[in-house]
Engineer: 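Here it is, the structure, as structure tokens.
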Amino acid sequence: DIINRQINDEGQVLLYNNGALPLAEHERKISLMGIASQDIVVSGGGSGSSGQNNQSTRYNWNNAFEEEGFALNPKLANIYKAYVGSGVQTSQQYLEIDPNAYLGNSITSTYETYRDVAVIVFHRWGTENADLRTYNAKGHSNPLDTELDLQDNEIAHIMHAKQYFDKVIVIINSSNIMDVSELAEPKTDANLGVDAILWVGGVGQVGCLEAVRILKGEVNPSGHAADTWWADLKADPAFYNVSVMNQNAEGTGRSDSFFR
């Protein structure tokens, strides 16, 4: 795992930080949010696929935070664990749950004990022969949103966390470039701005552990994006000229455009 850890240390990218990271030594009580916090994306699919094995510790967000000395909000984690365990969805569908429906008073009452930091994990899964929609995407009320835009319930998670926590960190568990530009805006109560954004790609065997070590400041996130990270995916000229048809959905009446 030494090489795997080094790859993650040098490959994960701190996209944004307003000074919230590294976490202070007393910031060890964490409320971990998002369906992706319990449903990690290890890799892509097809020829880019890999998996976790039993030859060493298989890290997820739960055991990674705990091994590094953090206390996780168990009642909050169980909400997402139960949903993922129900088999209603898979990471290939990556639809976030509605915090207004699932995180009621019995959950928010636990925040006081685990309020040092809210860590929200978002994910997108990708593979060959399973392209991502460029409009009419599930989880979006705006028909012109793409699957790589924040879903309605992901936005709701951001606003929910900001309502209860002073420090909100977002982890992007995706090898696809998501449109997270609004998260990097100077933080106010009215916008989606957060305190830090860490992109971890597919986490493989040890990526979760190294991400937590980055949050602690034990690892310097020296990674850089290997390509332009578009603040607006539709500003990328390739957006209009990929897949089997024109990507400009507006006015076409078509509903079957995809990212490759």
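These figures come from a predicted structure and were not determined experimentally. Numbering starts at 1 and runs along the sequence shown. As a basis for the values below, the full set of heavy atoms in this structure was taken, side chains included, without hydrogen atoms, waters or symmetry mates.
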Engineer: Could you check Thr146 against Leu233 for side-chain contact (heavy atoms from CB on, under 4.5 Å), going step by step and ending with a plain yes or no?
Structural biologist: CA-CA 9 Å; Thr146 76; Leu233 294 171; 3.9 Å; yes
Engineer: Is the side chain of Asn191 donor-acceptor paired with the backbone N or O of Pro186 at a distance under 3.5 Å, no angle test?
Structural biologist: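 Here the side-chain-to-backbone pair exists.
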Engineer: Return the minimal non-hydrogen interatomic distance between Trp61 and Ser37, and the atom names on each side.
Structural biologist: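 Smallest heavy-atom distance, with atoms named: CD1-O, 3.6 Å.
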Engineer: Please give me the minimum heavy-atom distance between Gln38 and Ala77, naming the atom from each residue.
Structural biologist: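 So the minimum-distance heavy-atom pair works out to NE2-CB, 3.8 Å.
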Engineer: Any chance you could measure Asp195, atom CG, to Asn18, atom CG, to the nearest 0.5 Å?
Structural biologist: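 Reported value, rounded in 0.5 Å steps: 4.5 Å.
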Engineer: What is the minimum heavy-atom distance between Asn17 and Ala196, and which atoms define it?
Structural biologist: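 Nearest pair, atom of Asn17 first, then Ala196: OD1-CB, 4.0 Å.
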Engineer: If hydrophobic clusters are built by linking Ile, Leu, Val, Met, Phe, Trp and Tyr wherever their side-chain heavy atoms come under 4.5 Å apart, do Ile7 and Val206 end up in the same one?
Structural biologist: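 No: no chain of side-chain contacts under 4.5 Å links Ile7 to Val206.
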Engineer: Any chance you could measure Ile171, atom CD1, to Leu198, atom CG, to the nearest 0.5 Å?
Structural biologist: 5.5 Å
Engineer: Identify the heavy atoms of Leu183 and Leu150 that sit nearest to each other, and give their distance.
Structural biologist: CD2-CD1, 3.9 Å
Engineer: Quick one: ring-ring contact (aromatic ring centres under 6.0 Å, His included) pairs with a partner in residues 175-204, sequence neighbours left out?
Structural biologist: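 Every pair satisfying ring-ring contact (aromatic ring centres under 6.0 Å, His included) with a residue in residues 175-204: Trp199-Trp229.
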Engineer: Return yes if some donor-acceptor pair links the side-chain N/O of Tyr16 with the main-chain N/O of Ile197 below 3.5 Å, else return no.
Structural biologist: no
Engineer: Within the 4.5 Å heavy-atom criterion, are Ile177 and Thr228 side-chain neighbours or not?
Structural biologist: no
Engineer: Does a donor on one side chain sit under 3.5 Å from an acceptor on the other, for Asn63 and Glu67?
Structural biologist: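 No - no donor-acceptor pair under 3.5 Å links their side chains.
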Engineer: Can Leu14 be reached from Val121 by stepping across I, L, V, M, F, W or Y side chains whose heavy atoms are under 4.5 Å apart?
Structural biologist: yes
Engineer: Is there a donor-acceptor pair closer than 3.5 Å between any side-chain N or O of Gln205 and the backbone N or O of Thr57?
Structural biologist: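 Such a contact is found between Gln205 side chain and Thr57 backbone.
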Engineer: What do the steps show when you test Leu21 against Ile169 for side-chain contact (heavy atoms from CB on, under 4.5 Å), and what is the final call?
Structural biologist: CA-CA 9 Å; Leu21 297 178; Ile169 296 169; 3.4 Å; yes
Engineer: Would you call Gln12 and Pro221 a side-chain contact if the rule is heavy atoms closer than 4.5 Å?
Structural biologist: no
Engineer: So Lys234 and Leu144, side-chain contact (heavy atoms from CB on, under 4.5 Å) or not? Walk me through it.
Structural biologist: CA-CA 10 Å; Lys234 294 179 182 179; Leu144 297 182; 3.7 Å; yes
Engineer: Excluding sequence neighbours, so at least two apart, what forms salt bridge (Lys or Arg N to Asp or Glu O under 4.0 Å) with Glu112?
Structural biologist: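 Residues passing salt bridge (Lys or Arg N to Asp or Glu O under 4.0 Å) with Glu112: Arg115.
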Engineer: Over all heavy atoms of both residues, which pair between Leu76 and Asn73 is shortest? Give the atoms and the distance, please.
Structural biologist: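 Scanning both residues completely, I find the closest heavy atoms to be N-OD1, 3.2 Å.
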Engineer: State the CD1-OH distance between Ile79 and Tyr102, to the nearest 0.5 angstrom.
Structural biologist: 9.0 Å
Engineer: Answer yes or no: does atom CG of Asp232 have more than 12 heavy-atom neighbours from other residues, nucleotides or ligands under 6.0 Å?
Structural biologist: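 Yes - once you tally the heavy atoms of other residues, nucleotides and ligands closer than 6.0 Å, there are more than 12.
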Engineer: To the nearest 0.5 Å, what is the distance between CD1 (Ile40) and OH (Tyr59)?
Structural biologist: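 Going from the CD1 atom of Ile40 to the OH atom of Tyr59 covers 12.5 Å.
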Engineer: Suppose we screen for salt bridge (Lys or Arg N to Asp or Glu O under 4.0 Å). Which residues come up paired with Asp116, at least two apart in sequence or across chains?
Structural biologist: none
Engineer: Give the cluster check for Met33 versus Met159: same hydrophobic cluster or not, with ILVMFWY residues linked at side-chain heavy-atom distances below 4.5 Å.
Structural biologist: yes
Engineer: Any chain of hydrophobic side-chain contacts (each under 4.5 Å) joining Leu215 to Tyr114?
Structural biologist: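 Leu215 and Tyr114: separate clusters.
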Engineer: Return the CE to CD1 distance between Met178 and Ile172, rounded to the nearest 0.5 Å.
Structural biologist: 5.0 Å
Engineer: Considering all heavy atoms of both residues, which atom of Arg28 and which atom of Leu23 are nearest to each other, and what is their separation?
Structural biologist: NH1-CB, 4.1 Å
Engineer: Please verify the inter-ring angle class for His160 with Tyr111; under 30° counts as parallel, over 60° as perpendicular, anything in between as tilted.
Structural biologist: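 The rings of His160 and Tyr111 stand perpendicular, inter-plane angle above 60°.
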Engineer: Does Asn8 reach the main-chain N or O of Asn4 with its side chain, forming a donor-acceptor pair under 3.5 Å?
Structural biologist: yes
Engineer: Take Gln151 and Asp145, measure what side chain to side chain donor-acceptor pair (under 3.5 Å) needs, and give me the verdict at the end.
Structural biologist: CA-CA 9 Å; Gln151 299 164 19; Asp145 278 354; over 6 Å; no
Engineer: With a cut-off of 6.0 Å (strictly less than), are more than 12 heavy atoms of other residues, nucleotides or ligands near NZ of Lys29?
Structural biologist: no
Engineer: Return each pair, listed once, that meets salt bridge (charged side-chain N to carboxylate O under 4.0 Å, His left out) where at least one residue sits in residues 149-166; pairs must be two or more places apart or across chains.
Structural biologist: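 Listed by first then second residue: Arg124-Glu154.
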Engineer: How far does CG of Asp189 sit from CD of Gln163, to the nearest 0.5 angstrom?
Structural biologist: 10.0 Å
Engineer: Can you name the residues that form a side chain to side chain contact (heavy atoms under 4.5 Å, CB included) with Arg213, not counting sequence neighbours?
Structural biologist: Arg5, Asp9, Glu68, Leu209, Glu210, Glu218, Val219
Engineer: May I have the step-by-step check of side-chain contact (heavy atoms from CB on, under 4.5 Å) for Ile35 and Val84, ending in yes or no?
Structural biologist: CA-CA 7 Å; Ile35 199 72; Val84 171; 3.7 Å; yes
Engineer: Just to verify, what does Lys81 make a salt bridge (Lys or Arg N to Asp or Glu O under 4.0 Å) with, not counting sequence neighbours?
Structural biologist: none
